[in-house]
Engineer: 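Below you will find the structure I want to go over with you.
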Amino acid sequence: DSGSGDIVDSSTRGVHSTDQLTTSMPELADSDVLFLTTDGIGNYISQGDDMLAVGTHLANRWQQPVALHEFINDMTFDMRGVDDDRTAIVCWPNRHQYMS
């Protein structure tokens with residue numbers, strides 16, 4: 001929910017619909033989190049400059065590694081109009097914590 005009662009727009013501009021692709025190779029600090037996701041999650045992280053509830057929740061939950069069952073549970077958020085795939089890869093550099 002976008003807060004106004006409207007369904008969040010799930011349309012995505014993919015790589016195939018752009019005229020220019022920009023890549024970068026940033027350095028990640030040990031405290032950074034790299035989050036790669038499909039639009040089934042990514043479209044509900046933020047809207048413009050505004051962080052949505054899903055984005056706030058995941059940012060808080062995934063600051064540190066979580067157990068696999070918690071990770072999967074976090075991706076099953078229930079939101080009206082959200083029916084796309086939910087695929088995410090999260091990397092926590094140099095966190096040597098064992099997750100069971």
Engineer: Taking all atoms of both residues into account, what is the closest heavy-atom pair of Asp74 and His57, and its distance?
Structural biologist: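 Of all heavy-atom pairs spanning Asp74 and His57, the closest is OD1-NE2, 3.7 Å.
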Engineer: Can any side-chain N or O of Trp92 pair as donor or acceptor with the backbone N or O of Trp62 at less than 3.5 Å?
Structural biologist: yes
Engineer: Between OG1 of Thr76 and CD1 of Ile41, what distance do you get to the nearest 0.5 Å?
Structural biologist: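 Here the rounded value is 9.5 Å.
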Engineer: Which residue pairs pass the side chain to side chain donor-acceptor pair (under 3.5 Å) test with at least one member in residues 25-38, sequence neighbours excluded?
Structural biologist: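 Only Asp30-Asn94, Thr38-Asp85 qualify under side chain to side chain donor-acceptor pair (under 3.5 Å).
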Engineer: Identify whether Val90 and Met51 are in the same connected component of the hydrophobic contact network (ILVMFWY, side-chain heavy atoms under 4.5 Å).
Structural biologist: yes
Engineer: Please give me the minimum heavy-atom distance between Met75 and Ala88, naming the atom from each residue.
Structural biologist: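 Closest approach of Met75 to Ala88, heavy atoms only: SD-CB, 3.6 Å.
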Engineer: Looking at residues at least two apart in the chain, or sitting in another chain, which of them share a side-chain hydrogen bond (donor to acceptor under 3.5 Å, both in side chains) with Thr56?
Structural biologist: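 Result, side-chain hydrogen bond (donor to acceptor under 3.5 Å, both in side chains) vs Thr56: none returned.
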Engineer: Contact between Gln63 and Val33 at the side-chain level, heavy atoms closer than 4.5 Å - yes or no?
Structural biologist: no
Engineer: Give a yes or no on whether Leu28 and Ile89 share a hydrophobic cluster (residues Ile, Leu, Val, Met, Phe, Trp, Tyr; joining criterion: side-chain heavy atoms under 4.5 Å apart).
Structural biologist: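 Yes, same cluster.
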Engineer: Have a look at Leu34 and tell me which of Cys91, Pro93, Pro26 forms a side-chain contact (heavy atoms from CB on, under 4.5 Å) with it.
Structural biologist: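 Answer to the side-chain contact (heavy atoms from CB on, under 4.5 Å) test with Leu34 among Cys91, Pro93, Pro26: Cys91.
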Engineer: Look up atom CD1 in Ile45 and atom CZ in Phe35, then write down how far apart they are to the nearest 0.5 Å.
Structural biologist: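 If I round to the nearest 0.5 Å, the distance is 4.5 Å.
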Engineer: Can you measure from CG (Asp39) to OG1 (Thr87) and round to the nearest 0.5 angstrom?
Structural biologist: 9.0 Å
